[in-house]
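Accompanying notes for the structure given below.
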Amino acid sequence: MPRKSKVVTMDQAVAAIRSGDRIMVGSFGNSGYPESLVEAMTASGLKDLTIISNDLGSPGIGLGKFLTNGQVRALIGNYYNWNPEVAQAYNAGQIDVTLVPQGSFAEAIRAAGVGIAAFYTPTAAGTELGKGKETREFNGRSYVLEQAIHADVALVKASKADELGNLVYYKTARNFNPLMAMAATLTIAEVDEVVPVGRLDPECVVTPHLFVNMIINRGAQ
Amino acid sequence: MPRKSKVVTMDQAVAAIRSGDRIMVGSFGNSGYPESLVEAMTASGLKDLTIISNDLGSPGIGLGKFLTNGQVRALIGNYYNWNPEVAQAYNAGQIDVTLVPQGSFAEAIRAAGVGIAAFYTPTAAGTELGKGKETREFNGRSYVLEQAIHADVALVKASKADELGNLVYYKTARNFNPLMAMAATLTIAEVDEVVPVGRLDPECVVTPHLFVNMIINRGAQ
Amino acid sequence: MKEIIPAEQARTRIARRIAREFMERDETLIINLGVGIPTMVANYIQGDSIFIQAENGMMGVGPKADGDSADRRLINAGREPVTETPGCSYFDSAASFGMIRGGHVDATVIGAFEVDEAGSIANWIIPNGRQLGVGGAMDLVSGARQVIVAMRHNGRDGRPKLVRSCSLPVTGFHEADLVVTELGVFRFIDGVMTLTEIAPETDPARLADLTDAAFVTSTGIRTMDT
Amino acid sequence: MKEIIPAEQARTRIARRIAREFMERDETLIINLGVGIPTMVANYIQGDSIFIQAENGMMGVGPKADGDSADRRLINAGREPVTETPGCSYFDSAASFGMIRGGHVDATVIGAFEVDEAGSIANWIIPNGRQLGVGGAMDLVSGARQVIVAMRHNGRDGRPKLVRSCSLPVTGFHEADLVVTELGVFRFIDGVMTLTEIAPETDPARLADLTDAAFVTSTGIRTMDT
């Protein structure tokens with residue numbers, strides 16, 4: 001069969017997302033998130049979303065748009081102090097918020113991507129964020145059982161894709177993107193540039209193409 | 001403080017290893033293993049070693065030298081069919097052998113490197129290699145608890161190091177090397193070439209320098 | 001026992017049939033090929049939408065390297081020198097098995113000693129004291145989305161390899177989706193081993209005699225390509 | 001309450017003292033710096049053997065970027081634009097916290113609301129309904145080999161931050177190794193909070209009055225650099 005291109009229009013990408021979906025979005029403090037995809041989603045009628053991300057940007061900025069725009073049912077992440085609207089909405093009972101320590105959060109997303117159901121980490125043992133989680137001793141130290149975090153859709157931001165969907169990132173804009181690309185049923189990558197197959201160094205590909213289902217090429221817009 | 005060089009002589013490297021140590025060695029079927037280090041260790045009087053590696057090369061070749069040379073007390077790995085001396089020594093009661101499925105083996109080494117005590121994998125559930133390991137259901141599927149695999153020393157092979165100890169690899173000679181570099185108390189990297197700091201692309205470094213304690217520079221020999 | 005089909009012809013037939021299985025799917029596929037007949041499948045794949053993953057850390061494995069171009073640091077999981085394809089990539093063994101365990105590999109083609117009526121597969125060890133290795137077999141059968149077994153219908157001693165219940169140590173339980181031998185194509189449909197294609201050299205009744213496992217013959221059974 | 005030492009002088013003193021702690025160790029060090037005073041530690045580090053890790057995925061963080069060179073895609077974990085150093089590298093968040101959790105980061109310098117006599121640290125949340133975030137705090141205190149707390153001796157309301165037992169939600173139990181305030185250096189020696197250096201502006205008795213936690217004064221106590 002001739003290979004089908006993974007490059008899609010923004011409409012095609014957004015049409016693949018449903019209200020109520022669990023959506024991972026790459027980002028760290030407004031760095032390295034798929035800006036066009038987030039923009040298009042906030043212009044869509046999608047609602048009741050569970051957003052799985054490190055933080056939620058700032059009020060009305062970056063991932064913060066989802067909340068300002070009333071599209072959020074729940075958040076799973078680790079740091080919302082940059083966006084006070086999160087605590088407000090949570091206190092008002094408008095959204096659920098699940099905090100997972102940043103390292104456990106990253107590892108749990110990776111676990112989902114690599115087929116590990118759960119893992120024991122020392123982080124949060126005995127603390128409020130360890131409550132309700134199984135605790136177990138290994139070599140005299142307490143560990144908490146953290147379960148994998150899956151999503152229906154991952155929206156990731158990469159610097160470049162080749163035509164197959166191999167991805168490379170840019171500096172600290174890498175953050176959670178390669179992990180989320182592995183952990184969702186559908187992975188949509190927004191990239192600055194699509195280059196011909198063979199242009200990326202095989203030693204330097206960060207996300208091999210098998211993890212990527214759709215590509216939004218910002219360089220073509 | 002002025003920075004100390006991590007580049008050492010072979011004598012210095014071998015002097016850091018003790019009889020009885022648990023030693024990880026990167027390799028996959030005689031590809032990507034630290035040849036000079038293995039050579040020097042077989043010329044040393046080191047004995048009672050536990051060798052943790054994917055396979056054990058071939059009889060008298062590659063990692064097989066450790067066994068031919070009588071330096072092995074135990075093996076932890078996953079595929080010894082390429083070296084019939086392993087089954088012979090095991091049947092004769094001369095060595096212990098622990099088989100861990102290759103994917104679980106890789107993940108368990110990574111786990112040691114990243115501070116995860118144990119993880120649940122579906123691999124080997126219900127099989128002979130799952131015996132004696134805790135089994136647990138997640139979402140209706142059986143998973144086996146695999147514990148992290150640590151070592152005293154990791155001997156890894158990289159293509160290039162920079163003077164800080166950042167490592168890059170060569171094609172499928174990468175294999176277990178980056179994982180083992182994280183999982184041992186002491187990591188010794190044998191490289192083909194040491195390049196000046198700044199020469200490696202920061203986006204393409206596979207093993208950041210903090211994991212590397214000593215460098216054997218084959219390019220200087 | 002007399003061979004119905006000569007060995008090399010049998011191996012080619014099996015490999016080609018599995019290649020067709022992939023090429024009929026109108027989508028990009030990521031596949032992993034074990035040693036032996038499974039590796040031969042690559043010879044019959046055409047087009048540019050099927051990618052071979054090697055569990056020792058490569059996506060996009062190309063044809064075997066011949067003498068001059070062989071690089072012992074560029075090998076597949078069977079230790080054979082291979083080549084690159086455009087768009088290939090390299091990664092460590094944890095990332096590689098992450099792809100497999102995480103369900104990102106569409107199919108694995110493996111050999112087997114036995115496959116039983118429950119779809120359980122024995123392919124990692126014959127406990128004869130000469131083998132000591134599992135490799136990635138258990139990870140592949142439990143992780144790949146589709147598990148395709150490529151094997152001769154009977155062993156060298158003539159014993160059926162499709163059995164009622166595995167007598168050898170099992171690699172994975174209820175994991176087989178498709179078994180292709182030189183005599184037939186067996187699909188596990190709702191957990192039932194179902195003969196969907198049969199070689200022209202035989203018929204369902206004779207095939208049942210050569211088979212230990214009980215199987216159902218599909219009402220839409222077709223003749224297997226030779 | 002009257003401040004013994006003006007705020008900016010206090011912050012500088014704390015940061016400089018911690019920098020000295022690192023520079024006195026004759027070895028390569030990998031350190032992670034939290035926001036606030038911890039970030040200032042970098043200003044006082046000299047030489048080329050101390051490397052800063054940022055948990056958002058960078059090894060070898062350089063000085064903050066000024067206006068023109070700022071790149072919003074090159075930031076530290078406090079969202080501040082930073083620069084590269086030669087030999088730096090980038091990686092994903094799982095790899096980054098793998099370094100931290102795996103014990104490969106020699107020290108983390110963090111701020112805190114409270115540190116108690118048991119070395120337990122509260123620094124992630126004040127449950128006032130306005131905060132909802134933990135970030136990497138719990139991973140850092142449980143993973144880094146040495147946990148150094150950089151904080152003012154008393155809060156803005158004058159309340160001691162070295163307490164008998166943490167009243168705020170704890171980030172990690174028994175994790176503090178060293179606490180540096182503008183008034184003293186406290187080391188946990190065999191689990192006992194021990195005053196090893198004291199600011200020239202005070203003395204052990206007066207310091208005890210400003211401190212809720214019971215501490216032992218080292219027989220070899222020295223005067224802290226101002």
Side-chain angles (χ1 to χ4, degrees), chain A residues 1-8 106-119 148-151 154 158 160-169 178-187 194-215, chain C residues 19-32 45-55 57-62 71 73-74 82-108 136 138-145:
Chain A
M1 290 298 133
R3 195 169 61 228
K4 289 176 191 162
S5 173
K6 292 177 178 173
V7 177
V8 298
E107 189 71 10
I109 294 167
R110 177 190 176 274
V114 303
I116 299 298
F119 57 89
I149 299 175
H150 294 265
K160 293 180 193 176
D162 69 14
E163 289 160 344
L164 294 180
N166 286 308
L167 304 181
V168 295
Y169 300 87
L179 306 170
M180 292 176 170
M182 303 191 292
T185 306
L186 175 74
T187 294
V194 176
V195 302
V197 174
R199 191 72 66 79
L200 300 179
D201 182 345
E203 303 280 4
C204 300
V205 167
V206 176
T207 297
H209 60 78
L210 77 169
F211 294 115
V212 178
N213 303 106
M214 294 182 175
I215 299 169
Chain C
R20 207 188 80 200
E21 186 79 11
F22 294 138
M23 293 174 63
E24 282 174 352
R25 289 172 66 175
D26 185 20
E27 55 188 322
T28 295
L29 290 178
I30 310 299
I31 64 174
N32 181 296
I45 291 175
Q46 279 152 21
D48 58 3
S49 62
I50 298 172
F51 300 89
I52 300 171
Q53 195 255 16
E55 63 263 37
M58 184 177 188
M59 181 72 223
V61 179
D71 177 347
R73 293 172 300 168
L74 174 50
V82 292
T83 55
E84 297 187 328
T85 58
C88 73
S89 57
Y90 299 102
F91 31 82
D92 68 47
S93 298
S96 185
F97 281 93
M99 295 174 185
I100 294 166
R101 197 191 306 103
H104 307 286
V105 171
D106 295 292
T108 183
M138 289 189 180
D139 306 279
L140 282 160
V141 300
S142 76
R145 287 197 200 162

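So you know, we letter chains A, B, ... as the sequences are listed, proteins then strands, and number each from 1.
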Derivation and outcome, side chain to side chain contact (heavy atoms under 4.5 Å, CB included), residues T207(A) and Y169(A): CA-CA 9 Å; T207(A) 297; Y169(A) 300 87; 2.7 Å; yes

Per-residue tally against chain A (heavy atom, under 4.5 Å) across S89(C), A94(C), P86(C) peaks at S89(C)

Between chain A and each of M99(C), M59(C), H104(C), count heavy-atom pairs under 4.5 Å; write down the option with the most. H104(C)

Before giving the answer on side chain to side chain contact (heavy atoms under 4.5 Å, CB included), spell out for I50(C) and R25(C) the whole-Å C-alpha distance, their side-chain angles and the decisive distance to 0.1 Å. CA-CA 10 Å; I50(C) 298 172; R25(C) 289 172 66 175; over 6 Å; no

Which of the residues V197(A), V205(A), L210(A) is involved in the greatest number of heavy-atom pairs with chain C at under 4.5 angstrom? L210(A)

Proximity breakdown for R110(A) and chain C, heavy-atom pairs closer than 4.5 Å: side chain

Between A54(C) and V61(C) the two heavy atoms that sit nearest each other are CB-CG2, 3.7 Å

Residue part contacting chain C, namely of L200(A), when any heavy atom lies under 4.5 Å: neither

Residue part contacting chain A, namely of F91(C), when any heavy atom lies under 4.5 Å: side chain

Is there a side chain to side chain contact (heavy atoms under 4.5 Å, CB included) between L74(C) and V82(C) once you walk through the steps? CA-CA 6 Å; L74(C) 174 50; V82(C) 292; 4.1 Å; yes

Considering only heavy atoms and a distance below 4.5 Å, find which of E203(A), H209(A), E163(A) pairs most often with chain C. H209(A)

Could you measure the distance from the CZ atom of R101(C) to the OG atom of S96(C)? Nearest 0.5 Å is fine. 10.0 Å

What's the separation between atom CD1 in I31(C) and atom CZ in F22(C), rounded to the nearest 0.5 Å? 4.5 Å

Below 4.5 Å, heavy-atom pairs only: which of V206(A), N166(A), D162(A) has the largest tally toward chain C? N166(A)

